[in-house]
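In each ligand, atom 1 is the first atom listed, and ligand 1 is the first ligand listed.
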Amino acid sequence: MTAAVEARARAEFDAEIRQETTPLTAEERQRALSEFDIVVPTLGDQFDAGSFAGVPVPRCKLLANFGVGFNHIDITAAKASGIAVSNTPGAVTDATADIAMTLMLMTARRAGEGERLVRSGQWQGWHPTQMLGVHLTGKHVGIVGFGRIGEAIARRCHFGFGMSVSYLARSDKSPGFPVVRAERLMALAAAVDVLVLAVPGGAETRHLIDKAVLEAMRPSSLLINIARGEVVDEAALIAALEAGTLAGAGLDVYEFEPKVPEALSSMEQVTLLPHLGTATEEVRSDMGHLALDNVAAFLARKPLLSPV
Ligand code: NAP
């Protein structure tokens, strides 16, 4: 937690704050469920069905998740154990959309590769055909998942870069600027210059971007993933990049995070960020405060602000 959130947690609640930044171990998850009234977990803390089964009568009654994505919590199993779950939507939207734009620009304009060139001392100076990238302005972006973050990315693409926007979602959207709803993922993948992933993770979207979708993409196109690593079949992505089925990828998340395959690290045409979507002081504090607002509401027997 940021200092501001930690101070509030200590002031308002009888709080134990874990200092390690690694995910909770199985033993720690068991202790969390059996010894605390409320737990504030975050991504990586795998509250799967087995965790709940291991504590048949949990003391914990709320998992106030720090983060909007909750694919690391088995919601059905939590509810069956009498444990409510909340998350931190909204607080993360703009920062995550900004990271999507960062990845789009960095990948299209070969910024990571350029940085590596300058730092290596190998740069020979400007010339007319040096490191030519892709011009994003006016291109066609396809956004898979058009919720809070997907729409915020679309807004930036439309107003900032004059891009045409298509999207895939389960329902129709009217964001107040021109967007076209795609009927099928394959057709969207084949039509766009940049395909951006902004769907939740979980069983329903696991490997949504598979070999067939990657093969449908244009050889000049880019894939950007700020959603969850498991949404992409990473082995198929590596094969597609090696085969030139698509031109590049910008990734903030990985299928087996924090493991990043050597094959990806060694490719110049990919931009790799360490899950930076919400990584600013303000946003992490906003997320923490929303998590604690949920805790406070729960203790006051009021409705949760952002129930899952
Ligand atoms: P959201 O508002 O719930 O939006 C999710 C969108 O995905 C909705 O448009 C939904 O469609 C669509 N969707 C869900 N399942 C789908 C499916 N099977 N096929 C097609 N579309 C589907 O969530 P959000 O706040 O935008 O966040 C999205 C995700 O981003 C989070 O769940 C999280 O995993 C990830 N995230 C990553 C970072 C990071 O640091 N990289 C930061 C924040 C969030 P409908 O609107 O039709 O229901």
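Residues A291 and T88 approach most closely at N-CG2, 3.9 Å, considering heavy atoms. Between E230 and N71, the shortest heavy-atom contact is OE2-ND2, 3.1 Å.
For ligand 1, the polar-atom distance check against G147 finds a nitrogen or oxygen pair separated by under 3.5 Å. Remark: ligand 1 and V253 share no N or O pair separated by less than 3.5 Å (distance only, no angle test).
Within ligand 1, counting atoms from 1 as listed, the ones closer than 4.0 Å to a heavy atom of T278 are 40 (O), 42 (C). Ligand 1 places these atoms under 4.0 Å from at least one heavy atom of V92: 43 (C). Close contacts of ligand 1 with S171, meaning ligand atoms under 4.0 Å from a residue heavy atom, involve 45 (P), 46 (O), 47 (O).
Using a 4.0 Å cutoff on heavy atoms, E151 does not count as a contact of ligand 1. Put simply, no part of P89 is less than 4.0 Å from ligand 1, judged by heavy atoms.
Residue T96 holds the heavy atom nearest to atom 42 (C) of ligand 1 of all those in N87, T88, T96, L185. The heavy atom nearest to atom 5 (C) of ligand 1, out of those in P200, G145, G202, G201, is found in P200. Considering each of R170, R148, M287, H72, the one bringing a non-hydrogen atom nearest atom 19 (N) of ligand 1 is R170.
For atom 28 (C) of ligand 1, the nearest protein heavy atom (residue, atom name, distance) is A198 O, 3.6 Å. Counting only heavy atoms of the protein, atom 35 (C) of ligand 1 lies nearest to A227 O, 3.6 Å. At the top of the distance list for atom 31 (C) of ligand 1, counting protein heavy atoms only, stands V68 CG1, 3.8 Å. Distance from atom 17 (C) of ligand 1 to its nearest protein heavy atom, with residue and atom name: T205 CG2, 4.1 Å. Considering only non-hydrogen protein atoms, atom 26 (O) of ligand 1 sits nearest to I149 N, 2.9 Å. Atom 20 (C) of ligand 1 has V199 CG1, 4.0 Å as its closest protein atom, hydrogens excluded (heavy atom only). Of all protein heavy atoms, the one closest to atom 37 (C) of ligand 1 is I226 O, 3.0 Å. Of the protein's non-hydrogen atoms, H275 NE2, 3.4 Å is the one closest to atom 39 (C) of ligand 1.
No side-chain donor-acceptor contact under 3.5 Å links T245 to the backbone of L241.
Under 4.0 Å is where a charged nitrogen must lie from a carboxylate oxygen, and between K259 and E234 no such pair does. Electrostatic pairing of E151 and R155 counts as a salt bridge here, judged by a charged N lying under 4.0 Å from a carboxylate O.
Side-chain atoms of S51 and D48 include a donor-acceptor pair closer than 3.5 Å. Remark: the N294 side chain and the S306 side chain contain an N/O donor-acceptor pair separated by less than 3.5 Å.
Ring orientation note: the planes of F47 and F52 are tilted relative to one another, at an angle of 30° to 60°.
Within a 6.0 Å radius of NZ in K173, other residues, nucleotides and ligands contribute more than 12 heavy atoms.
To the nearest 0.5 Å, the span separating CD on E20 from CD on E28 amounts to 6.0 Å.
Put simply, the side chain of T278 reaches to within 4.5 Å of the side chain of T96, judged on heavy atoms.
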